[in-house]
Chemist: 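Take a look at this one; I'll ask things after.
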Amino acid sequence: MDVDLKQLNEQQKKAASSKSDKILILAGAGSGKTSTLTHRIAYLIKNEKVKPANILAVTFTNKAAKEMKERLLNLLKSNLDNMWNGTFHSIFARIIRIEATNLGISSDFTIYDSDDQVRALKKVMSNLNIPQQLHLPNRFQSRISRAKNNFQFPDDLDNNSIDSFEELLPDVYREYQSYLGKNNALDFDDLLLKPIELFQNNPKILEKYRSKFKHIFIDEYQDTNKAQYLVIKMLVGDKGRICVVGDEDQSIYKWRGADINNILNFPKEYPESELYRLEENYRSNSNILKGANSLVSNNTERIGKNLWTKKDDGDKIMLMETEDEMDEAKSILEQIHHQMFTKKRSFKDIAILYRTNAQSRVIEDELRRNAISYSIISGTKFYDRKEVKDILAYLKVICNTRDAVNLKRIINFPLRGIGETTVGKIEKYAESLDTTLFDALGHVREIPSISAGMANRVVEFYELMQKYRALKDEISASELTSTLATESGIINYLKTEYDQLESESRIDNVYELFNTIESFVAERQSSKNSDTLNAFLENVALMSDIDALNEENNSITLMTLHASKGLEFPVVFITGLEMDLFPLQRNSADTSELEEERRLLYVGMTRAEENLYLSYAKRRRKYNTYVSSVPSLFIDEISMEFMELKASKLSSTRTIKSRKQSRRKKMLSYFSDNGESQENEVSFNVGNLVYHETFGKGKVTNVEGNGDKAKISVLFEGNVLKKLIAQYANLTPLEVTD
């Protein structure tokens, strides 16, 4: 029986039933991309008789992968176990485990999270005699990750060293990779690099996967980085069929390697490809949608589309002017009460979004004071809690004894009296014999400098771990974990080392971990116990922030704008629309950076279904002092036709027109784009005293360049330093000093 496409609109039908081998579906926010994608896959399976085993469907989150599979099962009413469906990292982790011997690694490798990576880098830096006071391990971790996402290796970074950090980076990178190899570990980014290495060095293996994956689907293609682009291009080859779905207006992850050019250049890379624009929005009311369109149309890095909806105009976008961040929080609370009492909203209908995590504190305080339930996405994740990570570390070592990073985490937890000095001696012994730290534990009595009593403690720990390594194939992963937590002393430690309230909270987290593993085991009843344990650890390592969202909880959701992508809420608040905060630009001359910030706001706006609130504060506390704020230039890019202005009770009331003129005047001093020059050019020199409407009195400290393009650095009252473009600086000379 063929798949019914009647529920799709005309453009969706064309995309779902296309005969083309190369397809780009340009899907605007809320335009039904998941429905289109799943119907196309179902159409190929039912109508074109494509085998599920020949389909590879790649997403960016476990949540999206799960939703895709559920929809396909509903459409096809058949088993899809043979279809490969998952995130980039889970798909390629699976390939790496299958082909591990061809990569010179063991299939039971550990996936290091960011905490594990930093611990590994501390050891690497120690080996290279690089003091942590000179350079932080976290900085090396971030820089190496960026290099891997850009498909760069240590040799690619050897030239053009601009400082001591960049000079040390290649050696740290090399030693770090070597250390990962010794620990039979891969980091998150290696899961993309290793398949490329595999395919480059083994053409027959590449051909095997090309033959298998005859139809490749990529969701959120605008978020792919160079490594993801390359590995997919290798799999597609000359004859493969590829369908990518994405929205260049929602490309917001440049900071972690995403390259918008991957989607922009798709029609050029595949000239025979077909392009389908999904422009009918099913999520937001017309005012929200038109407001978002008017904003993002200011970008140049786009293929172009114009979203529309059959929904009514609905409420206009509410622009809230507040005095400071506390007034902003109170104004948000006032509107939450309004939504709840006039529109009968539940807490879970509401999301509060912000550009930086630091903005949440004041909002949280206000919600707590008013006994309003809330949950934070991107806060401390469940699997990042210490008691949970400690148990996971035990499990990682049980699965992979070469993992020295996690072994050193647990060897003296709970306290066994095995100090760092003893561990250091065992490490040196292991290195002298070219064996692993774990194996060296079993020979600790052969190390003369370690006392018999200390050796007994080490052997006791070693035998405990060996016992559970033997048990991992005999009992379920959930039973092994709960028994281990008791016998190792972790449960007793949590009961005795904390006060009653914290102890109960931490033990509850441990029991929740047991429940999670038990649920995971139940879903994989056909797998071996050890395979299930490995799979669970991999699943934890590859979880994203959005996967932690519990949509059943009746609480207001707080999160960064980056974390909100892929979600939707009836009511959305976006806070802090001020220059230097949103857009948060590190380089005011970087147009592409500004465009990404604009896309980020567009993403936030299009999360809203019925009500959208934008807020800015006239001043905000920074470093224990209040600093005047300039409203974001994005506010003036949203057509006032779709907005209404609301001043807080503390803020003065003027006309919308005068507010807009005031914002425009303040904003022009930041950017030279699309502005008009001042009629009377005034030149400034170092030492000039000046006045600015927003920042007050100041002194010119530096001038770069000449004429209206000159950049003027001014130190204002309160020790506030600003760099302004002369043409738009709006500076009034006060007097000239000698």
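Hydrogens, waters and symmetry mates are skipped; everything else that's a heavy atom, side chains included, is used. Numbers for residues simply follow the sequence, beginning at 1. Given the structure is predicted, the values throughout are model-derived calculations rather than measurements.
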Chemist: Going by the salt bridge (Lys or Arg N to Asp or Glu O under 4.0 Å) test, which pairs reach into residues 445-461, not counting sequence neighbours?
Modeler: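 Qualifying pairs: none.
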Chemist: Would you check if Ile398 and Leu480 make a side-chain contact, meaning some heavy-atom pair closer than 4.5 Å?
Modeler: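 In short, these two side chains touch, coming nearer than 4.5 Å.
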Chemist: Between Asp508 and Ser505, is there a side-chain donor-acceptor contact under 3.5 Å, judged purely by atom types and distance?
Modeler: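 Not at all, the side chains of Ser505 and Asp508 share no donor-acceptor pair under 3.5 Å.
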Chemist: What verdict does the side chain to side chain contact (heavy atoms under 4.5 Å, CB included) test give for Leu128 and Met125, after you've listed the backbone C-alpha separation in whole Å, the side-chain angles of each residue and the deciding distance to 0.1 Å?
Modeler: CA-CA 5 Å; Leu128 295 174; Met125 291 172 67; 5.8 Å; no
Chemist: Please determine, by modelled atom types, if Tyr498 and Glu504 share a side-chain donor-acceptor pair under 3.5 angstrom.
Modeler: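 No - no donor-acceptor pair under 3.5 Å links their side chains.
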Chemist: Taking Ser360 for its side chain and Asn357 for its backbone only, find out whether a donor-acceptor pair lies under 3.5 Å.
Modeler: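 Confirmed, Ser360 side chain pairs with Asn357 backbone.
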Chemist: Please tell me if the side chains of Lys226 and Asp259 come closer than 4.5 Å, counting only heavy atoms from C-beta onward.
Modeler: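 Side-chain contact under 4.5 Å: no.
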Chemist: Under the rule for salt bridge (charged side-chain N to carboxylate O under 4.0 Å, His left out), what residues qualify as partners of Lys386, not counting sequence neighbours?
Modeler: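 Counting only residues at least two positions away or on another chain, Lys386 forms a salt bridge (charged side-chain N to carboxylate O under 4.0 Å, His left out) with Asp390.
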Chemist: Is Phe217 close to Val58 at the side-chain level, that is, under 4.5 Å between some pair of heavy atoms?
Modeler: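 No, too far: nothing below the 4.5 Å cut-off.
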Chemist: Any side-chain heavy atom of Val118 within less than 4.5 Å of one from Leu136?
Modeler: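 With C-beta onward as the side chain, the pair stays apart.
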Chemist: Just grab all the ring-ring contact (aromatic ring centres under 6.0 Å, His included) pairs involving residues 473-495, residues at least two apart or on different chains.
Modeler: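 For residues 473-495, and leaving out neighbouring residues, the ring-ring contact (aromatic ring centres under 6.0 Å, His included) pairs sorted by first residue read Phe413-Tyr493.
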Chemist: Given side chain to side chain contact (heavy atoms under 4.5 Å, CB included), test Glu431 with Leu437 step by step and report yes or no.
Modeler: CA-CA 8 Å; Glu431 289 168 3; Leu437 176 60; over 6 Å; no
Chemist: Checking salt bridge (charged side-chain N to carboxylate O under 4.0 Å, His left out) between Asp187 and each of Lys194, Lys148, Arg119, which is the one that passes?
Modeler: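 Going through the options one by one, the only one that passes is Lys148.
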Chemist: So, applying side chain to side chain contact (heavy atoms under 4.5 Å, CB included) with Val124, which one of Leu180, Asp171, Val172 is it?
Modeler: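 Only one option passes, and that is Val172.
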Chemist: Is the closest side-chain donor-acceptor distance between Asn184 and Asp108 under 3.5 Å?
Modeler: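 There is such a pair (donor and acceptor under 3.5 Å, judged by atom type) between the side chains of Asn184 and Asp108.
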Chemist: Compare every heavy atom of Phe188 with every heavy atom of His89, then report the nearest pair and how far apart it is.
Modeler: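 Where His89 meets Phe188 most closely, the heavy atoms are CD2-O, 3.2 Å.
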Chemist: I'd like to check the side chain to side chain contact (heavy atoms under 4.5 Å, CB included) partners of Ser449; sequence neighbours left out, ordered by chain and number.
Modeler: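 Scan of Ser449 (side chain to side chain contact (heavy atoms under 4.5 Å, CB included), adjacent residues dropped) gives Lys425, Ile447.
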Chemist: Can you name the side chain to side chain donor-acceptor pair (under 3.5 Å) partners of Asn149, sequence neighbours left out?
Modeler: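 Listed in chain order: Asn225.
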Chemist: With a 6.0 Å cut-off (strictly less than), is the heavy-atom count around NZ of Lys208, excluding the residue itself, greater than 12?
Modeler: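 Atom NZ in Lys208 is crowded, with more than 12 foreign heavy atoms closer than 6.0 Å.
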Chemist: Do any N or O atoms from the side chain of Thr401 and from the backbone of Val397 form a donor-acceptor pair under 3.5 angstrom?
Modeler: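 No: the side chain of Thr401 does not pair with the backbone of Val397.
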Chemist: Could you pull out the closest heavy-atom pair between Leu121 and Pro137, with the gap in Å?
Modeler: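 Distance-wise, the nearest heavy atoms are CD1-O, 3.7 Å.
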Chemist: I need the minimum non-hydrogen distance between Thr59 and Ala64, along with the two atoms involved.
Modeler: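 Minimum heavy-atom contact is CB-CB, 4.0 Å.
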Chemist: Under 3.5 Å, is there a donor-acceptor pair between the Ser555 and Ser375 side chains?
Modeler: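 A donor-acceptor contact under 3.5 Å links the two side chains.
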Chemist: What residues, two or more places apart in sequence or in another chain, satisfy side chain to side chain contact (heavy atoms under 4.5 Å, CB included) together with Asn492?
Modeler: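 Partners of Asn492 under the side chain to side chain contact (heavy atoms under 4.5 Å, CB included) test: Thr496.
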Chemist: For Gln117 and Lys122, run side chain to side chain donor-acceptor pair (under 3.5 Å): C-alpha distance rounded to whole Å, both residues' side-chain angles, the deciding distance at 0.1 Å, then the answer.
Modeler: CA-CA 9 Å; Gln117 292 170 46; Lys122 286 179 180 177; over 6 Å; no
Chemist: Once side chain to side chain contact (heavy atoms under 4.5 Å, CB included) is applied, do any residues pair with Asn102, and if so which ones, sequence neighbours excluded?
Modeler: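 Residues passing side chain to side chain contact (heavy atoms under 4.5 Å, CB included) with Asn102: Glu99, Leu198, Asn202, Ile205.
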Chemist: Going through the distances and angles, do Phe153 and Tyr173 end up as a ring-ring contact (aromatic ring centres under 6.0 Å, His included)?
Modeler: CA-CA 8 Å; Phe153 299 93; Tyr173 190 170; 7.1 Å; no
Chemist: So does Ala185 get a backbone contact from the side chain of Asn183, meaning a donor-acceptor N/O pair under 3.5 Å?
Modeler: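 No, because the side chain of Asn183 does not come within donor-acceptor range (under 3.5 Å) of the backbone of Ala185.
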Chemist: With ring-ring contact (aromatic ring centres under 6.0 Å, His included) as the rule and sequence neighbours excluded, what pairs involving residues 418-461 come up?
Modeler: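 Counting only pairs at least two positions apart or across chains, the ring-ring contact (aromatic ring centres under 6.0 Å, His included) contacts touching residues 418-461 are Phe438-Tyr462.
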Chemist: Start with the C-alpha gap between Tyr229 and Leu192, add the side-chain angles, then the distance that decides, and say whether side chain to side chain contact (heavy atoms under 4.5 Å, CB included) holds.
Modeler: CA-CA 10 Å; Tyr229 162 81; Leu192 300 177; over 6 Å; no
Chemist: For Thr34, what residues pass the side chain to side chain contact (heavy atoms under 4.5 Å, CB included) criterion, not counting sequence neighbours?
Modeler: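 Residues passing side chain to side chain contact (heavy atoms under 4.5 Å, CB included) with Thr34: Thr38, Glu67, Arg71.
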Chemist: Quick one: are Leu168 and His135 in side-chain contact, heavy atoms under 4.5 Å?
Modeler: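 When only atoms from C-beta onward are counted, His135 and Leu168 do touch, with a gap below 4.5 Å.
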Chemist: Does some side-chain heavy atom of Asn54 sit less than 4.5 Å from a side-chain heavy atom of Phe213?
Modeler: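 The answer is no, as the side chains (C-beta and beyond) never meet within the 4.5 Å cut-off.
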Chemist: For Asn400 and Asp403, test the side chains for any donor-to-acceptor distance below 3.5 angstrom and give the result as yes or no.
Modeler: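 On atom types as modelled, these side chains do not qualify, holding no pair under 3.5 Å.
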Chemist: Judged by atom type as modelled, is there a donor-acceptor pair below 3.5 Å linking the side chain of His562 to the main-chain atoms of Ile252?
Modeler: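 Yes, the answer is positive, given that a donor and an acceptor are paired below the 3.5 Å cut-off.
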Chemist: Specify the closest pair of heavy atoms between Gly417 and Met454, including all atoms of both residues, with the distance to one decimal.
Modeler: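 The answer is O-CE, 3.2 Å.
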Chemist: Could I get the full list of side chain to side chain donor-acceptor pair (under 3.5 Å) partners for Arg256, not counting sequence neighbours?
Modeler: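 Partners of Arg256 by the side chain to side chain donor-acceptor pair (under 3.5 Å) criterion come out as none, since no residue qualifies.
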Chemist: For residues 99-123, which residue pairs pass the ring-ring contact (aromatic ring centres under 6.0 Å, His included) check, not counting sequence neighbours?
Modeler: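 Pairs touching residues 99-123 that pass the test: none.
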Chemist: For the rings on Tyr394 and Tyr468, is their centre-to-centre separation under 6.0 Å?
Modeler: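 No, ring centres 6.0 Å or more apart.
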Chemist: Report yes or no: does Arg402 contribute a side-chain atom to a donor-acceptor pair with the main-chain N or O of Ser106 at less than 3.5 Å?
Modeler: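 Side chain of Arg402 to backbone of Ser106, a donor-acceptor pair under 3.5 Å: no, none is there.
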Chemist: Should Leu186 and Ile105 count as side-chain neighbours, where that means a heavy-atom distance under 4.5 Å?
Modeler: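 Side-chain contact under 4.5 Å: yes.
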Chemist: Cut-off 3.5 Å, side chains only: do Asp189 and Ser145 have a donor facing an acceptor?
Modeler: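 Result is yes, a qualifying pair exists.
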Chemist: Which heavy atom of Val521 sits nearest to which heavy atom of Ala477, and what is that distance?
Modeler: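 Shortest heavy-atom contact: CG2-CB, 4.0 Å.
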Chemist: Yes or no on side chain to side chain donor-acceptor pair (under 3.5 Å) for Thr481 and Ser478, after CA distance, side-chain angles and deciding distance?
Modeler: CA-CA 5 Å; Thr481 306; Ser478 54; over 6 Å; no
Chemist: Quick one: does any side-chain atom of Ser503 pair with a main-chain N or O of Leu494 as donor and acceptor, under 3.5 Å?
Modeler: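 Looks like yes, one N/O pair under 3.5 Å.
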Chemist: Please identify each residue that fulfils side chain to side chain donor-acceptor pair (under 3.5 Å) with Arg506, with sequence neighbours left out.
Modeler: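 If we apply the side chain to side chain donor-acceptor pair (under 3.5 Å) test to Arg506, skipping adjacent residues, the hits are Glu387, Glu502.
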Chemist: Rounded to the nearest 0.5 Å, what separates atom CZ in Arg409 from atom NZ in Lys389?
Modeler: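 That separation rounds to 5.5 Å.
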Chemist: Going by heavy atoms in the side chains, are Tyr383 and Thr516 under 4.5 Å from each other?
Modeler: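 Contact flag for Tyr383/Thr516 side chains = yes.
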Chemist: Give the intermediate values and the outcome of ring-ring contact (aromatic ring centres under 6.0 Å, His included) for residues Phe514 and Tyr511.
Modeler: CA-CA 5 Å; Phe514 298 162; Tyr511 286 140; 5.6 Å; yes
Chemist: Any donor-acceptor pair under 3.5 Å linking the side-chain atoms of Glu175 with those of Gln177?
Modeler: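 There is no such pair (donor and acceptor under 3.5 Å, judged by atom type) between the side chains of Gln177 and Glu175.
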